Protein chains: 2
Amino acid sequence: MKYIEKLRNSGLRPTKQRLQICDVLFNTDKTFHFTINELEQKIKKQTNSKISLATVYNTVHAFEKKGYLKQIPINSSETYFDTNVTDHHHFYDLKEEKLIDLENSDVGPINILKKINGKKIKSVEVLVKLEE
Amino acid sequence: MKYIEKLRNSGLRPTKQRLQICDVLFNTDKTFHFTINELEQKIKKQTNSKISLATVYNTVHAFEKKGYLKQIPINSSETYFDTNVTDHHHFYDLKEEKLIDLENSDVGPINILKKINGKKIKSVEVLVKLEE
DNA sequence: CACTTTTTTAGAATCATTATAAACTAGTTA
DNA sequence: TAACTAGTTTATAATGATTCTAAAAAAGTG
């Protein structure tokens, strides 16, 4: 399976559960947004096997730490993740409560003029809220 | 007291609790960021009286709805609010877990080129994460 | 004052997330 | 293969922010 090496190279053992989760998350053309609960449902449907909720949490956090997933900064009762880890931004449709990708090229250059002593910029994320 | 009219005009009865919370939130030169728990502590210290946690939640949400407070989109276990309701952005210091204001003029114009059918842009918020 | 509506309150309930600790698995070495 | 170690999974319990509830208190009105 093609994710075995990827996991090993990250210092993560390629367990059955992790490989299944890789398959659901990354074995697709399109990137997507998800919450932990949505992911759990998707796993159940696609693999016909149940992975413990704790494992889903552990794995998603491990993948995030390794840079294979990104958390989306948004205030919601559940945390949203993104399989698109390139630099990009988001629309948030307040009515539908849905996220839509916003490519860097759709926003134009953002130039942060203020500097904070001794700190480096790690990321710049734009959230555009949409209403009717 | 100077907040009585403000509250009445918003359709909120000027109760003792709301006036005290107004005093803590708005009777100051500087705007600031807070979580509900931080606000509760601040109220206790500044007013020497205890307001029920439920009331603090209710009031903060009521004020947010009226536009007197803004929620800051950030993934944290607690929700952050801002008494600065002008258009502006934030640094988030990942190590210190602290928010720092970033004025519009420090970011430059942001031009969202992509349009979503039938939706209007309500707000554009930039979160700049800082590391060492 | 009498009445209605809104607000406050303590405590319970909810729900996402994290912790626990026992069972299991992968990788390694003999 | 067996034995060993470190890492992983799991069900379940614990945590903690937030919301709900329903009764008491306060505000507004005539």
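Below, chain A is the first sequence line, B the second, and so on; all start at residue 1. Computed from a prediction, not measured in an experiment: that's the story for all the values here.
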J.: Write down the protein N/O and nucleotide N/O pairs, taken from nucleotides 24-26 of chain D, whose separation is under 3.5 Å; answer none if there are no such pairs.
T.:
none

J.: Quick one: salt bridge (Lys or Arg N to Asp or Glu O under 4.0 Å) partners of B/Asp106, sequence neighbours excluded?
T.: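 B/Asp106: no salt bridge (Lys or Arg N to Asp or Glu O under 4.0 Å) contacts found.
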J.: Can you pull every protein N or O that's under 3.5 Å from an N or O on nucleotides 13-17 of chain C?
T.:
| unit_1 | atom_1 | unit_2 | atom_2 | d |
| --- | --- | --- | --- | --- |
| C/dT17 | OP1 | A/Thr79 | N | 3.0 |
| C/dT17 | OP1 | A/Thr79 | OG1 | 2.6 |
| C/dT17 | OP2 | A/Tyr57 | OH | 2.7 |
| C/dT17 | O5' | A/Tyr57 | OH | 3.3 |

J.: Please assess A/Phe63 against A/Ile21 for the test side-chain contact (heavy atoms from CB on, under 4.5 Å), listing each intermediate value before the final yes or no.
T.: CA-CA 10 Å; A/Phe63 286 3; A/Ile21 293 175; 4.2 Å; yes
J.: Within the structure provided, determine whether B/Leu7 and B/Arg13 are in side-chain contact (heavy-atom separation under 4.5 Å).
T.: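 When only atoms from C-beta onward are counted, B/Arg13 and B/Leu7 do not touch, as no gap falls below 4.5 Å.
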J.: Going by side-chain heavy atoms closer than 4.5 Å, which hydrophobic residues are tied to B/Ile112, directly or by a chain of links?
T.: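 Direct or chained contacts put B/Ile112 with A/Phe91, A/Ile100, A/Leu102, A/Val107, A/Ile110, A/Ile112, A/Ile116, A/Ile121, A/Val124, A/Val126, A/Val128, A/Leu130, B/Phe91, B/Ile100, B/Leu102, B/Val107, B/Ile110, B/Ile116, B/Ile121, B/Val124, B/Val126, B/Val128, B/Leu130.
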J.: What's the spacing between B/Gln17 CD and B/Thr47 OG1 if we round to 0.5 Å?
T.: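 These two atoms lie 10.0 Å from each other.
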J.: Could you tell me whether the side chain of B/Leu113 reaches within less than 4.5 Å of the side chain of B/Asn111, counting heavy atoms only?
T.: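 They are in side-chain contact.
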J.: If I take atom CG from residue A/Leu99 and atom NE2 from residue A/His89, how far apart are they, to the nearest 0.5 angstrom?
T.: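 A/Leu99 atom CG to A/His89 atom NE2 measures 14.0 Å (nearest 0.5 Å).
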J.: Under the salt bridge (Lys or Arg N to Asp or Glu O under 4.0 Å) test, which residues partner B/Arg8, sequence neighbours left out?
T.: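 Scan of B/Arg8 (salt bridge (Lys or Arg N to Asp or Glu O under 4.0 Å), adjacent residues dropped) gives B/Glu5.
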J.: Once salt bridge (charged side-chain N to carboxylate O under 4.0 Å, His left out) is applied, what residue pairs with a partner in residues 57-82 of chain B remain, sequence neighbours excluded?
T.: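 Found none.
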J.: For the pair made of CD1 in A/Ile51 and P in C/dC24, what is the distance, rounded to whole Å?
T.: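 Answer to the nearest Å: 18 Å.
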J.: In whole Å, what is the span from the CG atom of A/Leu12 to the C1' atom of D/dT9?
T.: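 In whole Å, D/dT9 C1' lies 14 Å from A/Leu12 CG.
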J.: Atom CD1 in A/Ile72, atom OG1 in A/Thr79: separation rounded to 0.5 Å?
T.: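 That separation rounds to 10.5 Å.
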J.: Under the side-chain hydrogen bond (donor to acceptor under 3.5 Å, both in side chains) rule, what do A/Lys2 and A/Asn27 come out as? Steps first, then yes or no, please.
T.: CA-CA 10 Å; A/Lys2 62 181 175 185; A/Asn27 205 14; 2.9 Å; yes
J.: Could you work out how much the helix from C/dC1-D/dG30 to C/dA30-D/dT1 bends, comparing the axis of its first five pairs with that of its last five, to 10°?
T.: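 It works out to 30° between the end axes.
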J.: Quickly work out the B/Leu7 CG to C/dT6 C1' distance and round it to whole Å.
T.: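 Atom-to-atom, B/Leu7 to C/dT6, this comes out as 14 Å.
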J.: Could you give the CG-to-P distance, from B/Asn9 to D/dG28, as a whole number of Å?
T.: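 After rounding, the gap between these two atoms is 13 Å.
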J.: How long is the line joining CZ of A/Arg18 and P of C/dT25, in whole Å?
T.: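 Rounded to the whole Å, the gap is 14 Å.
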J.: Look at A/Arg8 and C/dG27 and indicate whether a side-chain polar atom (N or O) is within less than 4.0 Å of OP1 or OP2.
T.: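 Yes, because at least one side-chain N or O of A/Arg8 sits under 4.0 Å from OP1 or OP2 of C/dG27.
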J.: Go through the steps for A/Asp101 and A/His88 under the test side-chain hydrogen bond (donor to acceptor under 3.5 Å, both in side chains), then give the verdict.
T.: CA-CA 7 Å; A/Asp101 270 353; A/His88 71 288; 3.2 Å; yes
J.: What residue pairs, at least two apart or across chains, pass ring pair (Phe, Tyr, Trp, His ring centres under 6.0 Å) with a residue in residues 33-55 of chain B?
T.: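 Non-adjacent pairs meeting ring pair (Phe, Tyr, Trp, His ring centres under 6.0 Å): B/Phe32-B/Phe34, B/His33-B/His90, B/Phe34-B/Phe81.
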J.: Taking atom P of D/dG28 as reference, at what distance in whole Å does atom CD of B/Glu5 sit?
T.: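 Distance, rounded to whole Å: 11 Å.
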J.: Give me the residues of residues 39-50 of chain B where at least one heavy atom lies under 4.0 Å from an atom of DNA chain C, by number, or none.
T.: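 By residue number: B/Lys50.
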J.: Would you mind reading off the distance between B/Asn75 atom CG and C/dT18 atom P, rounded to a whole angstrom?
T.: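 Value for this atom pair: 11 Å.
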J.: Ignoring backbone atoms, test whether A/Gln17 places a side-chain nitrogen or oxygen under 4.0 Å from the OP1 or OP2 oxygen of D/dT10.
T.: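 A/Gln17 to D/dT10 OP1/OP2: side-chain N or O found under 4.0 Å.
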J.: Where do N or O atoms of nucleotides 20-22 of chain C meet protein N or O atoms at under 3.5 Å, pair by pair?
T.:
none

J.: Residues in salt bridge (Lys or Arg N to Asp or Glu O under 4.0 Å) with A/Glu125, at least two apart?
T.: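 For A/Glu125 the salt bridge (Lys or Arg N to Asp or Glu O under 4.0 Å) partners, ignoring immediate neighbours, are B/Lys129.
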J.: Given atom CD of A/Gln20 and atom P of D/dT8, what is their separation to the nearest angstrom?
T.: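 After rounding, the gap between these two atoms is 16 Å.
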J.: Name all residues meeting the salt bridge (Lys or Arg N to Asp or Glu O under 4.0 Å) criterion together with A/Lys119; count only those two or more places apart in sequence or in a different chain, and write none if there are none.
T.: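 Scan of A/Lys119 (salt bridge (Lys or Arg N to Asp or Glu O under 4.0 Å), adjacent residues dropped) gives B/Asp93, B/Glu132.
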J.: Would A/Lys6 count as a cation-pi partner of A/Tyr68, with NZ or CZ less than 6.0 Å from the six-membered ring centre and within 45° of the ring normal?
T.: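 Yes, a cation-pi geometry.
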